[in-house]
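Both ligands and their constituent atoms are indexed starting at 1 by order of listing.
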Amino acid sequence: MLDQLDQLKTQAVTDIAASADENGLEACRVKFLGKKGDLAAASAGMRDIAKEEKASVGQKLNEVRSAITAAIDERSAALTANRDAAALAGIDATLPGKPHPVGTLHPLTQVLDRAVSVLRRMGFALADGPEIETEWHCFDALNTPADHPARNESDTFYFDSGKLLRSHTSTVQIRTMETEPPPLRIIAPGAAFRRDEIDATHLSNFNQLEGLCVDAKGSVTLADLKGTLEYFFHAIFGDDTEVRFRPHFFPFTEPSFEVDLKLVIKGQKPKWVEIAGCGIVDPAVFEAVSQSRGDDLYSPDKVSGFAFGMGLDRLAMILFGLPDLRLLIENDVRFLRQFA
Ligand code: PHE
């Protein structure tokens, strides 16, 4: 019996070492160690063995089982190593690898991050609203009469449903006041759309950053608006940057201003670039909000506020000295990499 077991071991070890691949090795495992395998058959023979021999045969069985298991593990490791070596044949693993290009933040994203962080320091919280808007949120609630040129088909993208692509982010002023009680201090960065001819300073899909501050009547003044925007532009562009407020008209603010920044590009004559619109919220806007809410929290007798909306693309243009806004949407990595 002991001899038989030794023979079984020798045969198993030889077969295992000779197995050509994982399938062959698995066949060996089943043949020798499987439930119906040779070793199981030998164990079954224990029943017929004389008592005195049981201990030594049992020991031998264990020895053979471990030897076969070890042989299988060894062969399996060798087969894996062979397979790895074959896969790497012809490849010089010591050569330097191909570097993966690492992306960078788009200049617009960088400007937005900076703008938001400055305004958050001043207590403005982020708000947003839909890009597909109702005429009411985009125009009527913002005191823009039906015959205002901005409402024209030639200026604004309309859907057949009567909805439109918002032509400014001022819609978020209305959206926020409809759902949040005063006081409010919010900023809303987002896309805006106009049927503008695309050129160096105009895109038909551009980005704005809206701001709105509403508090008890009389507590928000033009001085607050000017101070906020001047602080903002100086924080972004440096204290030397010249800022100019020009009287203007917007239906939803009174008085209203346009804000210009002096754009200085190396080798070019400095020029004023219009960067933002702003003003003191027109009481008619608060009336519209009050009607929509059905309460008087925003009654013009109770609140006052200021609002501003600036062009983020223009901000990037000034911050990075870009000669042409179209660079921002062409996604040419030779351009974008310069802002890494
Ligand atoms: N919505 C105006 C525009 O797009 C900007 C603006 C915002 C003006 C808020 C005044 C107050 O031109």
Side-chain angles (χ1 to χ4, degrees), residues 115 119 122 124 126-131 133-145 148-152 155-157 164-177 184-196 201-215 220-230 232-233 243-261 272-289 298 300 303-315 317 325:
L119 286 158
M122 289 192 274
F124 287 87
L126 280 167
D128 69 2
E131 291 175 2
E133 260 298 4
T134 64
E135 266 197 271
W136 188 79
H137 286 92
C138 199
F139 297 124
D140 299 284
L142 288 159
N143 194 33
T144 308
H148 191 279
R151 299 185 70 146
N152 218 304
D155 286 308
T156 298
F157 295 102
L164 47 78
L165 289 175
R166 66 181 180 195
S167 55
H168 53 184
T169 46
S170 299
T171 52
V172 186
Q173 293 185 33
I174 306 299
R175 291 266 169 203
T176 310
M177 288 192 281
L184 270 190
R185 211 182 294 173
I186 54 125
I187 45 173
F193 307 84
R194 283 181 205 170
R195 293 177 90 123
D196 271 338
T201 52
H202 295 86
L203 300 174
S204 54
N205 172 359
F206 57 107
N207 296 279
Q208 288 190 322
L209 181 95
E210 191 78 15
L212 173 68
C213 170
V214 178
D215 211 329
V220 183
T221 69
L222 201 52
D224 297 317
L225 169 60
K226 258 194 108 179
T228 302
L229 287 183
E230 272 173 4
F232 172 79
F233 288 121
V243 185
R244 160 173 105 175
F245 288 76
R246 252 185 311 110
H248 194 74
F249 173 80
F250 293 105
F252 34 93
T253 46
E254 178 60 32
S256 305
F257 302 87
E258 273 192 332
V259 186
D260 302 329
L261 288 189
W272 289 102
V273 176
E274 174 198 325
I275 190 85
C278 65
I280 297 294
V281 179
D282 195 294
V285 173
F286 290 135
E287 299 277 13
V289 167
Y298 281 96
V303 294
S304 57
F306 69 72
F308 58 86
M310 63 182 90
L312 273 177
D313 315 82
R314 300 263 179 100
L315 276 190
M317 192 173 194
L325 275 187

Any heavy-atom pair between the side chains of D196 and L203 that's under 4.5 Å? no
Please state whether the rings of F257 and F245 are parallel, tilted or perpendicular, taking 30° and 60° as the class boundaries. perpendicular
Tabulated below should be the N or O atoms of ligand 1 paired with protein N or O atoms at under 3.5 Å; can you produce that?
from     : atom 1 : to   : atom 2 : distance (Å)
ligand 1 : 1 (N)  : H168 : ND1    : 3.0
ligand 1 : 1 (N)  : S170 : OG     : 2.9
ligand 1 : 4 (O)  : R194 : NH2    : 2.8
ligand 1 : 4 (O)  : Q208 : NE2    : 2.9

Parallel under 30°, tilted from 30 to 60°, perpendicular over 60°: which one fits the rings of F286 and Y298? parallel
Test your reading of the model: is there a side-chain donor-acceptor pair from D155 to the backbone of N152, 3.5 Å cut-off? no
Polar side-chain atom of T176 near backbone of V172 as donor-acceptor pair, under 3.5 Å: yes
Let me check something: any side-chain donor-acceptor pairs from residues 187-194 under 3.5 Å, sequence neighbours excluded? List them with distances.
from : atom 1 : to   : atom 2 : distance (Å)
R194 : NE     : S167 : O      : 2.9
R194 : NH2    : S167 : O      : 3.0

